[in-house]
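Below: the structure, in structure tokens.
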Amino acid sequence: MDSAQIKRLEALAGIELVKMTGTGNDFILVDNRDAAVPQELMSDLALGLCQRRRSVGADGMIFLEPSRRVDPVRGTVDWRWHFFNADGSAAEMCGNGGRCAARFAHDVGLAGTEMVFDTTAGPIRAWILDTGVKLEMIHPFGAYQGVELQVDGAVVKMDGVNTGVPHAVIAVQDIDAAPVVPVGRQVRFAPHFAPAGTNVNFACTAGGELVVRTYERGVEDETLACGTGAVASALMLGPAMGLKPPVTVRVRSGERLKVHFDKRGEDFGAVFLEGAAHYVYSGKLHAEALAWLHTQEVSPC
């Protein structure tokens, strides 16, 4: 990132930021109805601010804008988002980010307690509940089973599905011993999944729940939660492990998500993700939050 671009980012000082967390997946949100952040700066701003220990720190950044589109199936679209991972890459969908953004949109007046918002993966319906936020996920597609890859001389077998973003799911016996980062990173970048890559989930059952750990593409590390990964794991492993919907998924933060779905032969329908979305703080961007970019190389983690 050159100095001219950094100066343009620093000129955004004073914009309002909100920090939220969805079961341990944390996000920076901006109400961008006034277009204070031009779209061409969003990726670099996310990259600069999501850096932990040097700036705000987050798994991703979300910009909310109004929408005037009418979807032929879901009707009026209340708002749209631009979502970026911590490394500045755009992501099609994020379940935990979607819940946080839906609550934020309701609270700032972009939508009521029931809403539709646009993502790159398609329009998403959301409901604000007393217990959290419920999202209607896109129709899952691209499901596969029994893919085998060589990782460090061993064969790793996995199933997978796209729940808005691509996910591989690996069944393990011991979730605490699962090699989430070393194996997850190799699977994420495996030629089999090129060029887009895949998120990688490790899952097992415990106490009638599905326990999931996730290596997230774009963050390039394990995160404390992944909503689309929880959905993918529940769909691909839940029925096989004897769990009936709604499947309770315990993520690395220790918190729980609930995945609703109908199993229709080899297909799935009525897929919903339900869970908490909490505020952490709100404030204004200080120019010095980006000053480190002048002298440091960016690391996405």
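Residue numbers run from 1 in the order of the sequence given.
- Rounding to the nearest 0.5 Å places CD of Glu114 at 10.5 Å from CD1 of Ile128.
- Residues Asp26 and Arg52 have side chains in contact (heavy-atom distance under 4.5 Å, counting atoms from C-beta outward).
- At least one donor-acceptor pair under 3.5 Å links the side chain of His167 to the backbone N or O of Gly229.
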Apply side chain to side chain contact (heavy atoms under 4.5 Å, CB included) to residues Leu12 and Leu45 and explain how you reach the verdict. CA-CA 9 Å; Leu12 296 172; Leu45 184 61; 3.9 Å; yes
Side chain to side chain contact (heavy atoms under 4.5 Å, CB included) between Val180 and Thr214: does it pass, once the steps are laid out? CA-CA 7 Å; Val180 176; Thr214 303; over 6 Å; no
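- Glu216 has no carboxylate O lying under 4.0 Å from a charged side-chain N of Arg188, or vice versa, which leaves the two without a salt bridge.
- With hydrogens and angles ignored, the 3.5 Å screen pairs a side-chain donor or acceptor of Asp2 with a backbone N or O of Gln5.
- Across Val18, Asn32, Leu29, a single residue satisfies side chain to side chain contact (heavy atoms under 4.5 Å, CB included) together with Leu64, and that is Leu29.
- With values rounded to the nearest 0.5 angstrom, Thr23 atom OG1 is found 9.0 Å from Leu224 atom CG.
- Under the 4.5 Å side-chain contact rule for hydrophobic residues, Phe84 and Leu47 share a cluster.
- Paired with Arg213 under the rule side chain to side chain contact (heavy atoms under 4.5 Å, CB included), one option of Ile170, Thr223, Ile175, Val172 passes, and it is Ile175.
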List the steps, then state whether side chain to side chain contact (heavy atoms under 4.5 Å, CB included) holds for Lys134 with His260. CA-CA 10 Å; Lys134 186 175 182 180; His260 307 256; 4.2 Å; yes
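- Using cut-offs of 30° and 60° for the angle between ring planes, the Trp81 and Phe83 rings count as tilted.
- Atoms CE and CG, on Met158 and Leu237 in that order, are 12.0 Å from each other to the nearest 0.5 Å.
- No single ILVMFWY cluster, assembled from side-chain heavy atoms under 4.5 Å apart, contains both Tyr144 and Met236.
- Tyr281 and Met61 fall within the same hydrophobic cluster, defined by Ile, Leu, Val, Met, Phe, Trp and Tyr side-chain heavy atoms under 4.5 Å apart, directly or through other members.
- Shown here for Ala276 and Arg99, the closest heavy-atom pair between the two residues is O-NH2, 2.8 Å.
- Residue Val77 shares its hydrophobic cluster (ILVMFWY side chains chained together at separations under 4.5 Å) with Val116.
- Salt-bridge check for Glu92 with Arg217: passed, with a basic side-chain N closer than 4.0 Å to an acidic carboxylate O.
- Ring geometry for Phe272 versus Trp127: interplanar angle of 30 to 60°, hence tilted.
- Counting heavy atoms from C-beta on, the side chains of Glu220 and Asp87 come closer than 4.5 Å.
- Heavy atoms of other residues, nucleotides or ligands lying less than 6.0 angstrom from CD of Glu40 number more than 12.
- Thr228 places no side-chain N or O within 3.5 Å of a backbone atom of Gly95 that could act as its donor or acceptor partner.
- By the 4.5 Å heavy-atom criterion applied to side chains, Val271 and Pro140 are counted as neighbours.
- Considering OG of Ser253 and CG of Asn25, their distance stands at 9.0 Å, rounded to 0.5 Å.
- A distance of 9.0 Å separates CG of Asn85 from CG of Asp59, quoted to the nearest 0.5 Å.
- Between Asp176 and Arg252, at least one side-chain N (NZ, or NE/NH1/NH2) sits under 4.0 Å from a carboxylate O, which counts as a salt bridge.
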Pair Arg69-Arg80, side chain to side chain contact (heavy atoms under 4.5 Å, CB included): steps then yes or no: CA-CA 9 Å; Arg69 194 177 75 84; Arg80 63 176 183 170; over 6 Å; no
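- Dense packing is recorded around NZ of Lys19, with more than 12 heavy atoms of other residues, nucleotides or ligands lying under 6.0 Å away.
- The side-chain heavy atoms of Met20 and His278, taken from C-beta on, include no pair separated by under 4.5 Å.
- Donor-acceptor pairing under 3.5 Å is recorded for the side chains of Tyr215 and Arg185.
- Using a cutoff of 4.0 Å between basic side-chain nitrogens and carboxylate oxygens, Glu255 and Arg250 are not scored as salt-bridged.
- Within the 4.5 Å cutoff, side-chain heavy atoms of Leu290 are placed close to those of Leu49.
- Atom NZ of Lys157 is surrounded by 12 or fewer heavy atoms from other residues, nucleotides or ligands within 6.0 Å.
- A salt bridge is absent between Arg125 and Asp78: the closest approach of a Lys/Arg side-chain nitrogen to an acidic carboxylate oxygen does not fall below 4.0 angstrom.
- Taking both residues in full, the closest heavy atoms of Pro179 and Phe202 are given as O-CZ, 3.8 Å, listed atom of the first, atom of the second, then distance.
- For residues 35-79, the ring pair (Phe, Tyr, Trp, His ring centres under 6.0 Å) pairs, not counting sequence neighbours, are Trp79-Phe117.
- Of all non-hydrogen atoms in Phe268 and Leu235, the two that sit nearest each other are CZ-O, 3.3 Å.
- Gln150 CD: more than 12 foreign heavy atoms inside a 6.0 Å radius.
- Separation of atoms CD1 (Ile124) and CE (Met93) is listed at 4.0 Å; rounding is to 0.5 Å.
- For Ala121 against Ile138, the heavy-atom pair with the smallest separation is O-CG2, 3.8 Å.
- Using a 4.5 Å cut-off between side-chain heavy atoms of Ile, Leu, Val, Met, Phe, Trp and Tyr, with links allowed through other members, Ile15 and Ile28 fall into the same hydrophobic cluster.
- The two residues Gly146 and Asp159 make their nearest non-hydrogen contact at N-OD1, 2.9 Å.
- Each of Val37 and Ile62 belongs to its own hydrophobic cluster when Ile, Leu, Val, Met, Phe, Trp and Tyr are linked at side-chain heavy-atom distances under 4.5 angstrom.
- Side chain of Ser55 to main chain of Gly57: no donor-acceptor pair is present (N/O by atom type, distance under 3.5 Å, no hydrogens or angles).
- Residues His106 and Thr113 form a side-chain contact, since some pair of their non-hydrogen atoms from C-beta on lies under 4.5 Å apart.
- For the pair Gly22 and Ala225, the tightest heavy-atom approach, listed with the atom from each and the gap, is O-CB, 4.1 Å.
- No side-chain heavy atom of Arg256 sits less than 4.5 Å from a side-chain heavy atom of Val251.
- Between the side chain of Asp34 and the backbone N or O of Ala36, at least one donor-acceptor pair lies under 3.5 Å.
- For the pair Phe193/Val200, no side-chain contact is recorded, criterion being any heavy-atom separation below 4.5 Å from C-beta on.
- Connectivity analysis of hydrophobic side chains (ILVMFWY, heavy atoms under 4.5 Å, direct or indirect) links Val165 to nothing; its cluster partners are none.
- One N or O on the side chain of Thr21 and one on the backbone of Gly24 form a donor-acceptor pair closer than 3.5 Å.
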